[in-house]
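The chains referred to below are lettered A, B, ... by the order of the sequence lines, with proteins before strands, and numbering in each begins at 1.
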4 protein chains.
Amino acid sequence: MPKLGMEPIRRDALVKATIAEVGAAGSLDVTVSRIARRAGVSSGLAHHYFGGKEDLLVAAMRHILTGYGAGVRSALETAVSPRDRLVAILAASFSPEHFEPHVITAWLQFYLLAQTNPGAQRLLRIYHARLHANLVHALRPRAGARAPEIAETAAALIDGLYLRHALGARPARPAPDLRVLAMIDSLLVNA
Amino acid sequence: MPKLGMEPIRRDALVKATIAEVGAAGSLDVTVSRIARRAGVSSGLAHHYFGGKEDLLVAAMRHILTGYGAGVRSALETAVSPRDRLVAILAASFSPEHFEPHVITAWLQFYLLAQTNPGAQRLLRIYHARLHANLVHALRPRAGARAPEIAETAAALIDGLYLRHALGARPARPAPDLRVLAMIDSLLVNA
Amino acid sequence: MPKLGMEPIRRDALVKATIAEVGAAGSLDVTVSRIARRAGVSSGLAHHYFGGKEDLLVAAMRHILTGYGAGVRSALETAVSPRDRLVAILAASFSPEHFEPHVITAWLQFYLLAQTNPGAQRLLRIYHARLHANLVHALRPRAGARAPEIAETAAALIDGLYLRHALGARPARPAPDLRVLAMIDSLLVNA
Amino acid sequence: MPKLGMEPIRRDALVKATIAEVGAAGSLDVTVSRIARRAGVSSGLAHHYFGGKEDLLVAAMRHILTGYGAGVRSALETAVSPRDRLVAILAASFSPEHFEPHVITAWLQFYLLAQTNPGAQRLLRIYHARLHANLVHALRPRAGARAPEIAETAAALIDGLYLRHALGARPARPAPDLRVLAMIDSLLVNA
DNA sequence: AATGAATGAGGATTCATTCAT
DNA sequence: GATGAATGAATCCTCATTCAT
């Protein structure tokens with residue numbers, strides 16, 4: 001008697017197990033078997049549902065990015081002023097769940113995967129584009145034509161702070177979002 | 001007597017082959033055999049001289065960082081004013097040879113290695129500390145007590161721009177060093 | 001559902017192939033691949049079930065010792081007098097199947113393994129303790145307090161005769177069990 | 001300027017290093033490089049002098065057996081009565097230097113080598129024959145025609161006690177030589 | 001005589017993937 | 001749908017051996 005409706009449950013369990021396992025290992029050198037065991041299923045099932053290891057990794061990446069996107073959206077909903085929007089984006093980018101060690105590690109690993117895997121690359125481009133669009137939209141009223149350029153600098157700073165954190169640097173003071181905000185404000189002032 | 005003095009030659013060839021191979025593959029998944037073949041020696045020799053695959057990778061990382069350090073030092077020698085120093089550091093950080101695809105890729109890969117390999121981690125810490133010290137030294141005259149904080153932001157921006165470049169983003173306009181410089185200037189003005 | 005219940009079958013086949021292969025080679029320098037091929041499976045499976053080469057060797061050792069233990073037990077069941085017990089132990093110790101070349105060779109090789117492998121060492125201790133206990137039990141009625149000492153001498157003689165046989169000495173006259181028996185009787189007479 | 005007369009010194013150093021290394025490792029899995037390093041020469045020289053690894057091992061075995069033979073001879077020189085001869089042989093067989101861990105281990109390992117290496121086998125046969133001849137000669141006056149048989153049992157007991165010691169059994173009480181002597185005496189009494 | 005350099009075959013081990021049931 | 005069985009290619013690493021100098 002096959003259980004019905006198990007597929008989404010299994011897929012979800014596998015994706016979460018992948019993130020956890022990648023984070024725990026601190027590397028993409030994770031075996032499908034380990035992931036499957038953590039998800040409580042056989043390794044064969046992982047292939048059955050995802051086709052292969054990389055596809056599983058990409059699915060995990062998509063999961064993270066989706067969560068990030070949802071976070072930004074919900075944060076933006078309550079924002080009124082342009083500056084509110086900026087604060088919301090930064091808050092979402094540096095929300096605590098993103099800084100959980102296993103997530104930040106997974107994120108970094110996926111960066112790498114994107115260098116060889118088209119699916120991962122596509123996802124990353126979408127993330128970049130979305131972040132850029134959000135920033136530009138929030139900056140436009142105050143920065144005008146300089147919005148794209150400042151958005152790019154801000155995005156780079158976000159990633160750089162992330163990277164440093166992932167590499168074990170002492171947590172920055174002030175908090176990363178405030179730091180980015182300060183930089184943006186500074187750039188805006190010196191038009 | 002045997003052919004003497006081959007060791008440094010072989011080590012050098014193997015290190016360079018490692019960088020080239022890692023860069024070409026876009027990943028650390030490079031076999032020792034391929035590296036050795038590119039260096040024109042047997043795989044056994046690579047182990048003989050370096051002990052293992054990771055040690056070889058760390059040696060390659062050290063090679064890159066040494067080159068970077070030398071670049072900064074020589075650039076700083078001709079600097080007079082604090083601002084010259086800043087420009088020199090940034091120019092070295094974003095010098096063209098650092099942006100050669102296989103170097104930038106290798107760099108990124110080594111970031112990853114640093115998450116599991118102690119030797120790599122140590123190297124990375126040294127690089128971070130040195131960059132920080134250089135920036136603080138150049139900023140002190142103009143930034144005073146704010147120097148460390150601004151140095152951290154600048155370092156993060158440098159890494160972030162690097163990362164984005166490695167991930168295939170369109171080359172930034174203006175050039176990354178000018179962008180960092182502008183940001184620093186902006187922060188300095190708004191004391 | 002998959003083909004079930006193959007594990008014990010494979011394990012058994014691999015263990016027997018190990019004994020055969022070690023015996024045939026006259027040394028522990030046997031490759032896992034050869035063992036696996038003889039067992040009709042892939043080398044990967046051997047690792048899957050046993051974890052590694054040494055564990056496979058230890059499992060083979062255990063198989064031999066288990067067979068020996070069973071032989072002694074069944075021989076002891078029909079023994080009535082103490083002397084019967086002694087004869088039974090010796091008969092089992094020198095039973096023909098123990099003198100099959102590949103078994104005796106494997107046995108000797110395992111002695112060696114026991115010098116470095118904890119699992120093998122444990123097994124060997126168990127064998128020693130069991131043989132000693134059996135001998136003491138059989139000797140007690142006739143030897144009293146001297147039983148342990150005579151048992152030790154007898155055990156050493158058993159192993160020595162075995163060793164010499166393994167090393168290619170001409171088969172002893174009279175048969176080894178009778179020889180040990182004669183020695184024990186002699187020691188018992190000269191209280 | 002090649003040093004003259006170095007050959008015997010080198011050979012000797014290599015042989016001793018071999019015994020030490022085999023004993024230390026508790027196995028024949030010793031690399032030629034390690035042996036050479038311990039002897040203070042290059043691995044190439046070991047091959048130059050001995051031709052190969054096994055030949056080096058056989059040479060080490062010969063060294064041990066030669067020492068044993070010399071010990072027996074010198075011990076026999078002062079023996080007067082047949083029983084003295086017996087005591088002398090046993091004392092030499094169980095002399096302390098034979099029970100040094102690395103020697104006893106090497107000895108056991110060489111047993112193994114003898115199963116595949118003709119040179120080692122030949123040496124072992126010589127050792128067996130010599131021990132047997134010595135024992136028979138010492139036993140003849142008291143045992144007459146039974147001398148060969150008793151000699152065989154004694155030899156087996158010697159090897160068995162050795163083996164047990166090598167395998168880590170608690171040192172026997174009484175001392176092994178006395179134990180063998182007691183057994184022989186017992187067999188002689190019960191003609 | 002002696003060495004360091006260099007090789008390359010060989011082996012243990014790992015793992016993604018496939019498949020019969 | 002789900003599993004355990006099984007494979008075998010791939011890779012790191014070791015080491016005896018050879019060789020030019």
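- Side-chain contact between L57(B) and T18(B) is present, with heavy atoms from C-beta onward closer than 4.5 Å.
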Could you spell out the base pairing of DNA chain F as a dot-bracket line? Use Watson-Crick and G-U wobble contacts where both distances are under 3.5 Å, [ ] for crossing pairs, | for partners on a different strand. .||||||||||||||||||||

Can you give one letter per nucleotide of nucleotides 11-18 of chain E, 5' to 3': B if a protein heavy atom sits under 4.0 Å from the base, S if only from the sugar-phosphate, - if neither? SSBBSSBB

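- Contacts of R62(A) classified as side-chain contact (heavy atoms from CB on, under 4.5 Å), with partners at least two apart in sequence or in another chain: V58(A), T66(A), L123(A).
- For the pair R11(A) and F50(A), the minimum side-chain heavy-atom distance is below 4.5 Å.
- Distances shown here put every side-chain N or O of R10(B) at or beyond 4.0 Å from the OP1 or OP2 atom of dA5(E).
- Panel note: side chain H63(A), backbone A59(A); no donor-acceptor pair is recorded below 3.5 Å.
- Minimum interatomic distance between T116(C) and A25(D) (heavy atoms only, all atoms of both residues): CG2-O, 4.1 Å.
- Inter-residue side-chain proximity for I35(A) and L56(A) is flagged as met; some heavy-atom pair is nearer than 4.5 Å.
- Taking CG of N117(C) as the reference point, atom CZ of R122(C) lies at 8.5 Å (rounded to 0.5 Å).
- When heavy atoms are screened at a 4.0 angstrom cut-off, Y49(A) is found touching the sugar-phosphate backbone but no base atom.
- Here the C1' atom of nucleotide dC15(F) and the CG atom of L56(D) are 14 Å apart, to the nearest Å.
- Here the rule is side-chain hydrogen bond (donor to acceptor under 3.5 Å, both in side chains) with E21(B), and of K16(B), R37(B), R34(B) only R34(B) fits it.
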